[in-house]
Protein chains: 2
Amino acid sequence: MTSRPGLSLAQRKRQLVADELTEAALQLLALRGFDGVTVDEIVAAAGVSKRTFFRYFASKEDVVVQFLADMGTDMCAELASRPAGEPPSTALLRTVLVPLTTCGAHSEKALPLVRLILRTPALHARFLERQAQWREGLSTELARRLGLDPAADLYPHLAAGMALTAFDTVLWRWSESEAGDDPTELAEQAFAVIGTSLDTVG
Amino acid sequence: MTSRPGLSLAQRKRQLVADELTEAALQLLALRGFDGVTVDEIVAAAGVSKRTFFRYFASKEDVVVQFLADMGTDMCAELASRPAGEPPSTALLRTVLVPLTTCGAHSEKALPLVRLILRTPALHARFLERQAQWREGLSTELARRLGLDPAADLYPHLAAGMALTAFDTVLWRWSESEAGDDPTELAEQAFAVIGTSLDTVG
DNA sequence: CGCACCTTGACACCAAGTGTCATGCGCGAC
DNA sequence: GTCGCGCATGACACTTGGTGTCAAGGTGCG
C-alpha cells in the first residue's frame, strides 16, 4: 500500500516492519475502534517494542493516516503532469481522481478505512491536517501553471480548496453509501457543480 | 469573548472561572507557544487545580479553540435568518462575514490568536475539525432553504464547503499579512471567484 | 439546624510520547 | 577471519495529557 520500489537493502527492512505495524494496527482498530486499542496492544501484536513503534510513526494516529502523505505527492505529481493548456477544472478533476480511483479499485479495504477515519474525531482531525498540506502543494503548483503569485492572488488557494472540498464531499458520500457508489462518478458530479468558477479566472 | 448573557446565577461563576482560565492560557501560550506551556503551568497561573481545568475544557487545545463552537452556531443562525429568496452566494457571504467582521473589529486580539491557531499543528487540526462541524450545520440549513435532500444532493455539502474554503483562504491570507488587510474585503474578493458556481444550481 | 446539591481539590491511575543508554547485528576495512 | 563502525532495536525511566474517585467545603432551602 505504501511500498515504493527500488530502495536500498536496509530500507526494505524498514518497510517490512512498518507494514507489519500498520497491518496489525488496522486489524485491531477496525475491530475495537481507535480508542479501544492501545499502542501497547498494537506493538504486542506486531512483536516490536513501543519505542520502535514511535520510531516509525510520529503518533498513534499516524499509523492509520501516514499513507495520505504519499497520496498528496501523487496528486501534486498528477497536477504537474497535466498539459499546460488544460483548463483548471479538468486538471483538478484529474488530480482528485488519482486517490479516488484507487479507493474505488480497492474498496474492500479502502471503504472500512475511510469510514474509520471519517468517524473517529482524532483521525479525522489528522486527516484534515494532511489535506491542508495537500492544499499548499496544489495551490503552489496551480500558481506555477497559471503564472500567478500565490501570495498575492487568492485564486490558487481557493481553487485548490474547492477541489479538495469536492474530494471531501465525494469521500464522505462514498463512506455513507451502503453498497458503494462509484467515487469517480461522484467526483464528476461534484466537478459539474464547482467547475464553473474554477475556469472563470480573473 | 465567550460570554452569553442572561444565565442563572451559579452559572455565571462558571463563566468567571472559564474566562480566568482562558485568559491565563492565552497569555502564556502567546508567549511561549503551545508546546512550551503545560496545563500545570496554566492552572497554576489561574489558581485552580488541574482537575478543574479539565472540568471546563475537554483538552488543552479546547481552551484556545472552544469559542469556535459559538461562532459556528452564530453562522448557522445568520444563514437561517437570510431572506428566502436570496441567492446562495450572497447568503453564504453574509454568513461567512459574521466571524470575519468580528475578527476585523478586534484584530489586536484576534490576529495573534488566529496566527497561533494556524501555525500550531495541534490547534490547526482541532480548528479544522470544528470547521467540519460548521459544514454539517451549514449544509443542512442550506438544504432546508433550497428544499433539497442533503443525503442525496451533493450541492449543499459542496456549497458549504466552498464557503468555508473561502473563509479559510481569507483567514490564512489575513494571518500572513503584516499590517492586517481587511478580512471583509478579502471575503468579497474570494466570493467573487467562487460565487459563479454557488448560484448555478442543478 | 440539618439536609441536599454542586463545585472543588487531592490523589491515584492510565495512555501517549520522548530521552537515554546498552545491546546486538550486518558489513566493509584490514 | 576479525576488528570495528554504524544502525536498528529494546529496556527503562520520565514527562505530560487526561480520567475516576472520593472527601471536604460552600450555598440555598425547608
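To find a chain, count down the sequence lines: A is the first, B the second, and so on, and within it residues start at 1.
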Contact class for B:Tyr56 vs. all strands (heavy atom < 4.0 Å): base, sugar-phosphate, or nothing?
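Sugar-phosphate: the residue B:Tyr56, judged by heavy atoms under 4.0 Å, touches backbone atoms but no base.
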Using the salt bridge (Lys or Arg N to Asp or Glu O under 4.0 Å) criterion, which residues pair with [X]? Sequence neighbours excluded.
X	answer
A:Arg130	A:Asp62
B:Asp153	none
B:Glu141	B:Arg144
A:Arg55	none

Under the side-chain contact (heavy atoms from CB on, under 4.5 Å) rule, collect the residues that match up with [X], sequence neighbours excluded.
X	value
B:Leu29	B:Phe34, B:Val37, B:Val64, B:Leu116
B:Ala190	A:Leu154, A:Leu158, B:Ala166, B:Val170
A:Ala45	A:Ala24, A:Leu28
B:Thr95	B:Met75, B:Glu78, B:Leu79, B:Leu138

Using atom [atom1] of [X] as one end and atom [atom2] of [N] as the other, report the distance to the nearest whole Å.
X	N	atom1	atom2	value
B:Leu21	C:dT7	CG	P	15 Å
B:Asp35	D:dT15	CG	P	18 Å
B:Leu16	C:dT7	CG	C1'	14 Å
B:Glu41	D:dT16	CD	P	8 Å
A:Phe53	D:dT9	CZ	P	13 Å

Which heavy-atom pair separates B:Leu21 from B:Ala46 by the least distance, and what is that distance?
CD1-CB, 3.4 Å
Take A:Ser81 and A:Arg94 through the side chain to side chain donor-acceptor pair (under 3.5 Å) test and state the conclusion after the steps.
CA-CA 10 Å; A:Ser81 81; A:Arg94 255 58 210 358; over 6 Å; no
Apply ring pair (Phe, Tyr, Trp, His ring centres under 6.0 Å) to A:Tyr56 and list each qualifying residue two or more places apart in sequence or on a separate chain.
none
Residue-phosphate contact under 4.0 Å: B:Thr52 side-chain N/O, C:dT8 OP1/OP2
no
Review item, nucleotides 22-25 of chain C N/O atoms under 3.5 Å of protein N/O:
none

Fill in the dot-bracket string of DNA chain D, one character per base: . for unpaired, | for a pair to another strand, ( ) or [ ] for pairs within the strand, taking Watson-Crick or G-U pairs under 3.5 Å.
||||||||||||||||||||||||||||||
Considering only nitrogen or oxygen atoms on both sides, find all protein atoms under 3.5 Å from nucleotides 15-20 of chain C and state each distance.
residue, atom, partner, partner atom, Å
C:dA16, OP1, A:Lys60, NZ, 3.1
C:dA16, OP2, A:Val39, N, 3.4
C:dG17, OP2, A:Lys60, N, 2.7
C:dG17, O6, A:Lys50, NZ, 3.2
C:dG19, N7, A:Arg51, NE, 3.3
C:dG19, N7, A:Arg51, NH2, 3.1
C:dG19, O6, A:Arg51, NE, 2.7

